Amino acid sequence: MLRTRVRAGPVAGLVMSVFFALVLTGVQVGDHFVKAWVPKMGEAVHVAVRVPYGPRVIRDRSTGRSELHYEHQRIVVPPGVVLKRESDSDWTAFSYDARHRPPELPRLAAVFAIFFTLTVGLTAYLRRFGHPRLRLLRVQGGLLAAMGLLAVVSKAVLLFTALPEFWLPVAAVPLWVATSFDRRTSFVVTVVLAFVVASFLDFDLVLLCILLARGMSATLLYLDRKRSRQMILAGALAGLSAVALYVAIMVTFEGTFDWRGDLSAPLRSQVIACFGGGLAGGLLGAVLRAPASRLLGHVPRERLLDLSDLEQPLLVQLAREAPGTFEHSRAMANLAEQAASAIGADALLTRVGAYYHDIGKSTQPKYFVENLSPDERSPHDELDPDVSADAIMAHVVLGAKILREGGVPEPVTEFAYTHHGTQLVEYFWMKCQQAGNPKGLDASAFRYPGMRPQTRETAIVMLVDSIEAASRTIDPPEREAFETMIQRIVFTKLKDGQLDESGLGVGDLNVIVNRMADALVNMHHHRIKYQWQAKRAQEFGVPSTAVSDDGTRVAQGSGSRGEHAPEPTPVEPAPASAPMVEVGLASVVPSALASVMPDAPPATARSAASSDRPPPSAAVPSPPLRPESGAHPALPIETKKTKSAS
């Protein structure tokens with residue numbers, strides 16, 4: 001049974017939201033239940049006692065009356081300091097802490113409701129609007145875990161140090177999210193995480209603004225996501241923006257800002273803390289980038305570079321057991337990397353996925369045409385259609401199994417069971433129908449057991465798998481023919497719904513079509529034949545042309561070697577019906593495609609996974625196309641039929 005990745009639905013989102021809200025509630029109020037940490041007058045405090053900037057209740061010691069004041073001052077009593085009754089700041093801190101111990105049930109319920117609302121909104125955004133990989137249950141769980149860990153670190157800094165709260169490195173998580181996914185999701189995570197951390201100090205308005213500005217600035221200024229050191233630079237620049245915002249807020253609230261007074265005590269300086277918190281977030285993000293990527297379900301760049309080494313044992317095994325598949329995968333990797341780079345997807349992940357997507361074919365390579373010698377008999381000749389289809393589809397399951405046992409990360413393993421999606425192995429299904437369907441099977445028995453592509457990268461590999469195979473049938477290799485073939489393949493996948501969950505937009509598909517057409521034209525560029533090649537060809541009676549040093553052409557035909565004809569025999573151009581494009585069972589002439597494709601995709605076009613068609617055999621010919629299939633008949637080139645080499 002093939003095990004695929006699980007997507008997070010609404011129920012899973014609610015469950016995760018409840019659990020995450022309970023964890024955050026415990027982090028916020030847990031210290032209030034520890035009796036040893038209760039501050040007492042005349043005794044040293046065990047943890048820092050903090051009074052946030054903003055409104056607070058002040059109790060008059062002489063009258064006992066309490067009044068609400070807005071104090072333009074933060075109070076921090078460091079751990080180990082003895083509370084003195086004659087100190088106004090110590091008394092204020094003692095009174096503030098006493099109001100929160102022990103937490104009452106309505107307060108706990110309110111805190112839980114706040115965290116639950118924030119988390120529900122976050123998970124709903126991830127499901128509906130987030131990066132395609134963020135819709136997976138594993139990835140959402142990892143993201144919430146990263147946010148929870150940073151919340152715990154922030155709470156520990158507030159409890160066990162006397163540093164200003166602006167030192168909290170909250171920007172690290174948005175930087176990780178921007179690295180693994182996209183900036184939009186990073187902005188949403190910044191908002192949620194800023195509210196969570198600010199709630200530890202009764203939603204300190206200034207702290208909330210600083211955390212928001214610093215997280216968003218770090219995300220925007222994180223320009224080169226391939227290099228970890230860019231996180232440090234982005235964090236430092238975000239710290240500068242936080243300093244500017246803090247000074248502006250203080251001037252707005254108090255009318256002035258005392259630079260000298262603030263900087264006179266570096267450890268208590270709010271300006272230094274604003275900058276230092278951004279720099280600390282960048283440093284933390286850079287140092288923990290690799291483990292954070294794994295936690296978020298992403299493969300670190302260093303690991304991808306290691307997997308791209310062609311001397312990896314799995315790739316060596318593929319090259320040895322299935323050389324045709326190996327060369328097909330290498331050609332695919334070049335095309336897929338270009339397509340991913342063109343639309344801003346992860347080009348390196350796409351390249352590595354293309355290398356490993358067909359690793360399952362190494363177990364039974366002879367069931368696939370690219371691994372057979374020209375005159376080798378196909379094993380499908382002796383099998384029933386359903387048995388042949390099972391043998392073809394098995395490479396998806398076996399590939400995922402081999403990759404998991406080999407310790408390959410799941411995002412790379414995902415390419416093995418998504419590059420065919422849930423497509424129909426139409427060749428054997430039609431063959432079964434033409435034989436009368438003696439076993440009474442339905443189409444579901446001939447569908448791949450995989451999963452539709454969930455990311456742009458896996459969708460690109462699905463498309464390129466068919467494009468690279470079909471490109472071998474285009475002769476002459478002209479751009480118009482390539483573009484028509486690519487459009488046909490894309491339309492086929494769209495009609496079958498294989499790209500519905502991939503996140504590819506119409507604009508992305510248009511860019512991919514153009515980039516693939518250009519790449520294929522460049523790959524199949526022409527070369528001038530050397531004179532010895534032409535002469536050697538004539539020895540065997542093969543017409544050929546070559547350009548000699550003096551610019552004359554070698555004569556064609558079977559004449560004597562080395563003689564130059566006074567007039568070169570013109571090469572008859574190939575007729576318009578000669579080149580044939582095979583897309584699955586549908587074989588069409590490029591000149592005919594030009595009038596067919598721009599209007600609409602074919603009525604019953606099949607998948608272009610030609611790499612999974614059975615090998616040709618001289619003993620048992622392939623079943624003829626049925627008229628109702630909507631496919632054009634294949635046209636021969638002279639007496640030889642062109643076949644897909646994938």
Side-chain angles (χ1 to χ4, degrees), residues 310-311 313-335 354-385 387-396 398-399 402 419-420 425-428 431 464-475 477 523-524 533 536-537 539-542 544 578-585 587 607-624 634-646:
L310 296 182
E311 294 184 358
L314 290 177
L315 294 180
V316 172
Q317 175 186 344
L318 180 64
R320 182 179 62 253
E321 302 295 337
T325 299
F326 178 69
E327 296 302 330
H328 164 66
S329 299
R330 290 179 60 195
M332 272 186 59
N334 293 328
L335 292 172
Y355 280 150
Y356 291 88
H357 79 287
D358 267 345
I359 199 72
K361 291 184 179 180
S362 62
T363 57
Q364 295 176 319
K366 296 303 180 180
Y367 282 104
F368 303 93
V369 65
E370 66 266 27
N371 299 313
L372 289 179
S373 302
D375 298 327
E376 190 172 359
R377 184 179 178 84
S378 168
H380 293 284
D381 297 340
E382 310 298 332
L383 300 177
D384 292 336
V387 179
S388 293
D390 288 340
I392 293 293
M393 295 184 294
H395 85 277
V396 171
L398 293 174
I402 292 172
H419 73 280
H420 286 301
V425 187
E426 191 171 344
Y427 179 87
F428 290 115
K431 186 176 180 181
V464 174
D465 190 19
S466 302
I467 291 171
E468 196 281 330
S471 69
R472 299 173 183 265
T473 68
I474 304 297
D475 187 23
M523 287 175 59
H524 295 81
Q533 291 177 306
R536 186 65 176 172
E539 291 181 8
F540 298 96
V542 179
S544 178
M580 181 184 68
V581 181
E582 278 195 8
V583 183
L585 291 179
S587 303
S607 165
S610 60
S611 61
D612 298 330
R613 290 185 54 190
S617 172
V620 181
S622 301
L635 298 180
I637 301 179
E638 297 177 350
T639 60
K640 200 173 182 180
K641 185 176 179 181
T642 306
K643 301 181 180 63
S644 171
S646 175

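For clarity, every value in this text was computed on a predicted model and none was experimentally measured. Residues: numbered from 1 along the sequence shown. Quick note: numbers below take in every heavy atom, side chains included, and nothing from hydrogens, waters or symmetry partners.
- Between T325 and I359, the closest side-chain pair of non-hydrogen atoms is not below 4.5 Å.
- Checked by atom type and distance alone, the side chain of K366 pairs as donor or acceptor with a backbone atom of N371 at under 3.5 Å.
- Interatomic distance, CZ of R472 versus NE2 of H524, reported as 7.0 Å (0.5 Å rounding).
- Between S362 and A322, the shortest heavy-atom contact is CA-CB, 4.4 Å.
- The aromatic ring centres of Y367 and H395 sit 6.0 Å or more apart.
- Here the side chain of H328 pairs no donor or acceptor atom with the backbone of E370 at under 3.5 angstrom.
- Taking OH of Y355 as the start and CG of L315 as the end, the distance is 8.0 Å to the nearest 0.5 Å.
- Side-chain polar atoms of D358 and H419 form a donor-acceptor pair below 3.5 angstrom.
- Looking only at side-chain heavy atoms (C-beta outward), L372 and R377 stay at 4.5 Å or farther from each other.
- Of all heavy-atom pairs spanning I402 and G360, the tightest one is CD1-CA, 4.4 Å.
- The closest side-chain heavy-atom distance from M393 to H420 is not below 4.5 Å.
- Contact detail for Q364 and A391: the closest heavy-atom pair is OE1-O, 4.1 Å.
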- Please lay out, stage by stage, how M332 and H357 fare under the test side chain to side chain contact (heavy atoms under 4.5 Å, CB included). CA-CA 10 Å; M332 272 186 59; H357 79 287; 3.3 Å; yes
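- Side-chain atoms of S373 never come within 3.5 Å of backbone atoms of D375 as a donor-acceptor pair (strictly under, hydrogens ignored).
- By the 4.5 Å heavy-atom criterion applied to side chains, S471 and L335 are not counted as neighbours.
- Between the CZ atom of F326 and the CG atom of L310 there is a distance of 5.0 Å, given to the nearest 0.5 Å.
- Within the 4.5 Å cutoff, side-chain heavy atoms of I392 are placed close to those of F368.
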